Amino acid sequence: VAVVRLTMMWMLIIVLGMCGGRAMGWTYHFSKETMNWTMAREWCWSNNHTDMVVIQNQEENNYLRDVLPDRTGSPYYWIGIKNITGNWKWVGTNGTWVGNYSWAPNEPNNKLGEECVEMYVNKGNRENNGKWNDDKCSNLKYPLCYRGERLNHSFRVFFKGHQ
Ligand SMILES: *[C@@H]1O[C@H](CO)[C@@H](O)[C@H](O)[C@H]1NC(C)=O
Ligand SMILES: *[C@@H]1O[C@H](CO)[C@@H](O)[C@H](O)[C@H]1NC(C)=O
Ligand SMILES: *[C@@H]1O[C@H](CO)[C@@H](O)[C@H](O)[C@H]1NC(C)=O
Ligand SMILES: *[C@@H]1O[C@H](CO)[C@@H](O)[C@H](O)[C@H]1NC(C)=O
Ligand SMILES: *[C@@H]1O[C@H](CO)[C@@H](O)[C@H](O)[C@H]1NC(C)=O
Ligand SMILES: *[C@@H]1O[C@H](CO)[C@@H](O)[C@H](O)[C@H]1NC(C)=O
């Protein structure tokens, strides 16, 4: 797995590798500036990324946990899942994947207005590293986007590759 970083307004992570015997070809992108969830999704689009990141399984989640720059504290990364009328749904696809180990301890706490989701990337906090937390969409965090073929959950896409 090669990680290439281009230091500009944003950083680019190029994923080259094999996972479960299938090629992975997403690229993941994040801003170095924080913004609220709505503006974060806009940032993804305005930089020609496909959408805010849609995580499809634990392997992909763990991959992101391991390659993203460590944030030793808040703010963390916005991910593309939101509480829409009582269900956690992924942007673009309306997928509902939530792993057994996705949420941080005692999360989601469903506090009023905590409809958006961040991923903690905090290598010093083993309990929370790579886990999710529901938070207010107005809070400012780093957008995490992907670029690739739009996902289609009517059939199970794993890591859809270029090759
Ligand atoms: C996005 O794509 C459009 C159309 O190809 C291009 O004009 C624009 O410069 C791109 N924007 C960025 C931020 O790459
Ligand atoms: C979504 O938000 C509503 C309203 O705040 C809350 O009652 C519900 O428990 C949340 N749904 C989930 C799946 O957490
Ligand atoms: C996801 O759900 C929203 C609202 O229910 C709907 O407008 C949208 O078309 C759906 N998207 C897909 C890809 O099914
Ligand atoms: C996740 O939890 C469900 C319900 O407890 C269980 O049936 C399933 O086997 C678990 N999956 C994994 C991958 O641990
Ligand atoms: C996000 O920020 C934009 C621009 O500052 C603002 O217009 C919008 O109301 C904010 N949305 C939320 C949910 O805070
Ligand atoms: C998703 O993929 C299936 C199988 O290839 C196809 O039949 C369906 O039309 C696709 N749906 C969308 C929204 O692209």
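Everything numeric in this text was worked out from a predicted model, so none of it was measured. Quick note: numbers below take in every heavy atom, side chains included, and nothing from hydrogens, waters or symmetry partners. Remember, it's 1-based here, ligands and their atoms both numbered in the order they're listed.
- The ligand atoms of ligand 4 that sit less than 4.0 angstrom from a heavy atom of Y101 are 14 (O).
- Below 3.5 Å of separation, one finds an N or O of N83 facing an N or O of ligand 2.
- Looking at N61 and I55, their side chains come closer than 4.5 Å, going by heavy atoms from C-beta outward.
- Using a 4.5 Å heavy-atom cutoff, the side chains of D135 and W78 are in contact.
- In terms of N/O distances under 3.5 Å, ligand 2 is not approached by N87.
- Within a 4.0 Å radius of atom 7 (O) of ligand 2, the protein has no heavy atom.
- The single protein non-hydrogen atom nearest to atom 5 (O) of ligand 2 is L112 CD1, 4.4 Å, given as residue, atom name and distance.
- If you check which protein heavy atom lies closest to atom 11 (N) of ligand 4, you get N100 ND2, 2.8 Å.
- Atoms OG1 and CD1, from T96 and I84 in turn, are 11.5 Å apart once rounded to the nearest 0.5 Å.
- Residue, atom and distance of the protein heavy atom nearest to atom 14 (O) of ligand 2 are N110 OD1, 2.5 Å.
- Heavy atoms of P108 stay at 4.0 angstrom or farther from ligand 2.
- Closest approach of N122 to D70, counting heavy atoms only: CA-OD1, 3.2 Å.
- Distance from atom 13 (C) of ligand 1 to its nearest protein heavy atom, with residue and atom name: S46 O, 3.7 Å.
- Between atom CG of residue N139 and atom CD of residue E118 there is a gap of 8.0 Å, rounded to the nearest 0.5 Å.
- For atom 12 (C) of ligand 2, the closest non-hydrogen atom of the protein is W88 NE1, 3.4 Å.
- By the 4.5 Å heavy-atom criterion applied to side chains, M119 and V53 are not counted as neighbours.
- Residues R41 and V91 are in side-chain contact: their nearest non-hydrogen atoms beyond the backbone lie under 4.5 Å apart.
- Atom 3 (C) of ligand 1 has as its closest protein heavy atom N48 ND2, 3.6 Å.
- In this structure, the side chain of K32 does not engage the main chain of Y142 through any donor-acceptor pair within 3.5 Å.
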